Protein chains: 4
Amino acid sequence: MSELISHESLSRKEREKRARQKEILKAARELFVSKGFRETTLDEIAHQAEFGKGTLYNYFDSKEEIFIGIIEQAVEETLAIAYESIAAPGGVREKLLLYAHRVISYVKDNGELFHVIYHELHRGDAPANVAKLREIINRSHGAWGVLAEPMRTGIDDGTLRNCDPLQLVVLFDGMLRGYCFQRFVVEPARPDDDFSAAAEFITSVFFDGIVERKSKG
Amino acid sequence: MSELISHESLSRKEREKRARQKEILKAARELFVSKGFRETTLDEIAHQAEFGKGTLYNYFDSKEEIFIGIIEQAVEETLAIAYESIAAPGGVREKLLLYAHRVISYVKDNGELFHVIYHELHRGDAPANVAKLREIINRSHGAWGVLAEPMRTGIDDGTLRNCDPLQLVVLFDGMLRGYCFQRFVVEPARPDDDFSAAAEFITSVFFDGIVERKSKG
Amino acid sequence: MSELISHESLSRKEREKRARQKEILKAARELFVSKGFRETTLDEIAHQAEFGKGTLYNYFDSKEEIFIGIIEQAVEETLAIAYESIAAPGGVREKLLLYAHRVISYVKDNGELFHVIYHELHRGDAPANVAKLREIINRSHGAWGVLAEPMRTGIDDGTLRNCDPLQLVVLFDGMLRGYCFQRFVVEPARPDDDFSAAAEFITSVFFDGIVERKSKG
Amino acid sequence: MSELISHESLSRKEREKRARQKEILKAARELFVSKGFRETTLDEIAHQAEFGKGTLYNYFDSKEEIFIGIIEQAVEETLAIAYESIAAPGGVREKLLLYAHRVISYVKDNGELFHVIYHELHRGDAPANVAKLREIINRSHGAWGVLAEPMRTGIDDGTLRNCDPLQLVVLFDGMLRGYCFQRFVVEPARPDDDFSAAAEFITSVFFDGIVERKSKG
DNA sequence: AATGAATGAGACTTCATTCAT
DNA sequence: TATGAATGAAGTCTCATTCAT
């Protein structure tokens, strides 16, 4: 029994540590997103997380480790969206429609997170953690690979034009990011409108193009 | 006459001042693009521009003013691309194809410039120059408006689907940015391939969609 | 009876407390000697002593108190060496020879302990414990006084040159420290050689000088 | 002529830089000696040197570089003393007597400088500059080698006992350091007495020993 | 007009000490 | 009593900006 207790107590400690880490990441994430990584000070993070400055160092080795933690979170979330989407019932179109939905919601809630991340990731002065970052970046781009699968299926069964499926994913993703940027960054004040319609419109443009087709013959 | 002379001399001075400013902007631009705004020091800019550090302050009031100068340059260039594109002969499709060309070349040559700019522009703690920046941002988004014109024409004459033309521009631009990001940031090492083909492919997807059409039957 | 019990229990407690203090001092001493006082953290001491960090404060009021404890130990040991030496059978020469032996062994085993202590003791910004430190320092220099006794005897009975006996002790001690510094700090890698011979040589130089004497003639 | 001017101006700049470096070293040296290296803050050095904190970094890359600068100074001075001493007219005894004089004066003026230096030099966590420090340390011990020369001469011509000359230097130096420690550190308050007599006494003990010799018989 | 040495606010990080459990 | 998470003062170092030359 003492074993159980000790096990439980260890588990509780570990759980509490994880919880604190998440709290800190949450606070830092908000600030990083609204101000950028370099522009956010540890004092601000500590204040936002309602901890003392030194306490942060009990959970992360450096400011950079906090940033890496956030990136890991975001990458996991991105991958989750991709996997959820391809698990949707139906064909490619249905899956991408769901993906569009999810991405728009995600960006709406998380703002410029990806912008900040890309900004920091792709710079020359990558710090000591090059190896870890490389791995994370690769995982991140893995989301494209996940979505490429149903695309390939569509190509193989003759539903879609014959071309590089990864390329197609990139273009679709590009349209989504473009939309989100214009919608949430350039015109953030506009009241929420129908994001479902937006997702459908984008998906429609991607599959059918923008040329008007006199249906009927 | 002394007025004339003084006027001429002032004019020469003015011209020289502009020339110096451009040199500084050129140096700063290279550094900002490769290292980011915060990470570039005035020492580095001064060294790259082959001026003394103090001299920079004879041409710009602050580091931020230099950044604004670069943004202005970039916005002008972006607008120029938009105007050139819509001036191309032919219909919407030809104009957008040219735009795709131009954007890909531009990003290839200027790297992450836009990334850095967006990163800095859309931050909460915009400093004293809010007004000036707002104006620049608006001009920047003006490029979308320029491209929206031919789009509207296409819609009006029934060639294109009936929808918000600005929205369409945003999606097309998004595909281009997505492609460029994947091509120049994620896979920068890949040898240059046929960018014309890429531009045509993207334009084709945009106009015709990705669905395979059994032409005729 | 309860008094007795309580007294006994207190006594046991007291004994245990002393034991714990010694354990802590032992751990701290090793670290202070190899890393210096300022460079050793309480975390390291706690880990080395296999106690929790907070527990240390049940036995010492501050990091500085730990250091003082170590100094006290060292001073006691130094005095012990002095007293042992003068208790040796024989005359001044035999006593000092034993002292040389002891000091060399002690420095060999305790490394730079004295160096660290002197370094910390003789600083301008002596903290709150000035009084206590002064007292300890005086005790420490007392070792010289102890050794001065047989020296004075030698002077009085005409065996040694007539001069200040304390001065002589200081010079002899200096030679020993010089030897130890060169032997254990400058050339620590050299394999152990005959320290007895060294002690004898030093003692011989001190008593007889370095001038070659044509014995007899 | 412009060449000459430019050459002169460069030289002036260089000279001024050296002068500033020396000012900073002077200020830092005083503080390091009285408080120790770790205990002296950059703010204090800056204040003592009457410079802004940032200015120090125009002349030294880090606090550690300042310390290294001081060590280099001290080592040069030590070597100078050694070389001056062996250049003195007369035999070994006269040379060592001069050395004793010089060392006592030097320690009187520079206090615990060497103590601080040794303390910092011989520790485990030697920083990045291991190579440079090693070289400096070796130069420093070179002073012993310099003094060993006349010692060897004395041995060779039969004046001195046959033994390792370096060993002898170490012992003589030890006596001097011991004397200085007792005189300037332990009893700093004592009014200046006759240091010449002290130097002569120490030299006499070293050469002749402390045993009373019934001259004549 | 050109320069770069001087400046000090502010950044990240460490660590002795406290205190709730 | 034993613990170690929490704390914030204090340390080193950076860099945009100023100003005397």
Side-chain angles (χ1 to χ4, degrees), chain A residues 9 12-13 16-17 20 24 38-47 49-66, chain B residues 13 16-17 20 37-47 49-67 127, chain C residues 13 16-17 20 37-47 49-67 127, chain D residues 9 12-13 16-17 20 24 38-47 49-66:
Chain A
S9 108
R12 180 175 57 75
K13 277 216 175 148
E16 281 182 357
K17 180 157 187 166
R20 295 265 199 281
I24 294 169
R38 310 280 168 175
E39 291 70 32
T40 302
T41 68
L42 276 182
D43 273 307
E44 290 169 318
I45 298 175
H47 184 260
E50 292 178 280
F51 280 112
K53 202 177 0 173
T55 307
L56 302 188
Y57 283 86
N58 291 337
Y59 296 97
F60 296 92
D61 286 345
S62 67
K63 190 187 175 189
E64 191 174 16
E65 287 290 324
I66 297 179
Chain B
K13 278 198 176 171
E16 283 183 355
K17 180 158 186 169
R20 296 260 202 279
F37 174 65
R38 304 282 163 177
E39 291 68 35
T40 301
T41 66
L42 275 184
D43 273 304
E44 289 170 316
I45 298 174
H47 183 261
E50 294 178 275
F51 280 110
K53 194 172 20 168
T55 308
L56 266 49
Y57 282 83
N58 291 333
Y59 296 99
F60 295 92
D61 286 345
S62 68
K63 191 187 175 190
E64 191 170 19
E65 287 290 324
I66 297 179
F67 184 63
Chain C
K13 277 199 175 170
E16 283 182 355
K17 180 159 185 167
R20 296 261 201 280
F37 175 65
R38 305 282 162 177
E39 291 69 34
T40 301
T41 66
L42 276 185
D43 272 304
E44 289 169 317
I45 298 174
H47 182 260
E50 294 179 274
F51 280 111
K53 195 172 15 170
T55 309
L56 266 49
Y57 281 84
N58 290 333
Y59 297 98
F60 295 93
D61 286 345
S62 68
K63 191 187 174 189
E64 191 171 20
E65 287 291 325
I66 297 179
F67 184 65
Chain D
S9 110
R12 180 177 54 78
K13 277 216 174 149
E16 282 183 356
K17 180 157 188 166
R20 296 264 197 281
I24 294 169
R38 310 279 168 175
E39 292 70 33
T40 302
T41 68
L42 277 180
D43 274 306
E44 289 169 318
I45 299 174
H47 184 259
E50 292 178 281
F51 280 112
K53 199 179 359 174
T55 308
L56 302 188
Y57 284 86
N58 291 337
Y59 296 97
F60 296 92
D61 286 345
S62 67
K63 190 187 174 190
E64 191 174 16
E65 286 291 325
I66 296 179

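Everything numeric in this text was worked out from a predicted model, so none of it was measured. Below, read A as the first sequence line, B as the second, and so on, with proteins coming before strands; counting in each chain starts at 1.
Across the protein-nucleic acid pair, A/Glu64 atom CD and E/dA11 atom P stand 18 Å apart, rounded to whole Å. Rounded to an integer number of Å, the gap from CZ of A/Arg38 to P of F/dA16 is 13 Å. Distance, B/Glu39 CD to F/dC15 P: 10 Å, rounded to whole Å. Rounded to whole Å, atom C1' of E/dG10 lies 12 Å from atom NZ of A/Lys63. D/Ile66 places its CD1 atom 11 Å from the C1' atom of F/dT12, with the value rounded to the nearest Å.
Considering only residues two or more places apart in sequence or on other chains, C/Asp43 meets the salt bridge (charged side-chain N to carboxylate O under 4.0 Å, His left out) condition with C/Lys53. Listed by chain and residue number, nothing satisfies the salt bridge (charged side-chain N to carboxylate O under 4.0 Å, His left out) test with C/Glu50 (two or more places apart in sequence, or in another chain). Take D/Thr41 and apply the side-chain hydrogen bond (donor to acceptor under 3.5 Å, both in side chains) test, not counting sequence neighbours, and it matches D/Glu44.
To the nearest 0.5 angstrom, B/Glu16 atom CD is 6.0 Å from B/Arg20 atom CZ.
Summary of the strand contacts: B/Asp61 and D/Asp43 both lie near DNA chain F, and taking for each the nucleotide with the nearest heavy atom, the more 5' one is attributed to D/Asp43. For the pair C/Thr40 and A/Ser62, nearest-nucleotide mapping onto DNA chain E gives the more 5' position to A/Ser62.
C/Lys63 forms a cation-pi arrangement with C/Phe37, by the criterion of a distance under 6.0 Å to the ring centre and an angle within 45° of the ring axis.
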Walk me through whether C/Leu42 and C/Ile66 qualify under side-chain contact (heavy atoms from CB on, under 4.5 Å). CA-CA 10 Å; C/Leu42 276 185; C/Ile66 297 179; 4.3 Å; yes

Could you encode protein contacts along nucleotides 1-8 of chain E as a string, one character per nucleotide from 5' to 3', using B for base contact, S for sugar-phosphate-only contact and - for no contact, with a heavy-atom cut-off of under 4.0 Å? SBBBBBBB

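At its two ends the helix from E/dA2-F/dT21 to E/dT21-F/dA2 runs along axes set 10° apart, each axis drawn from five pairs and the angle rounded to 10°.
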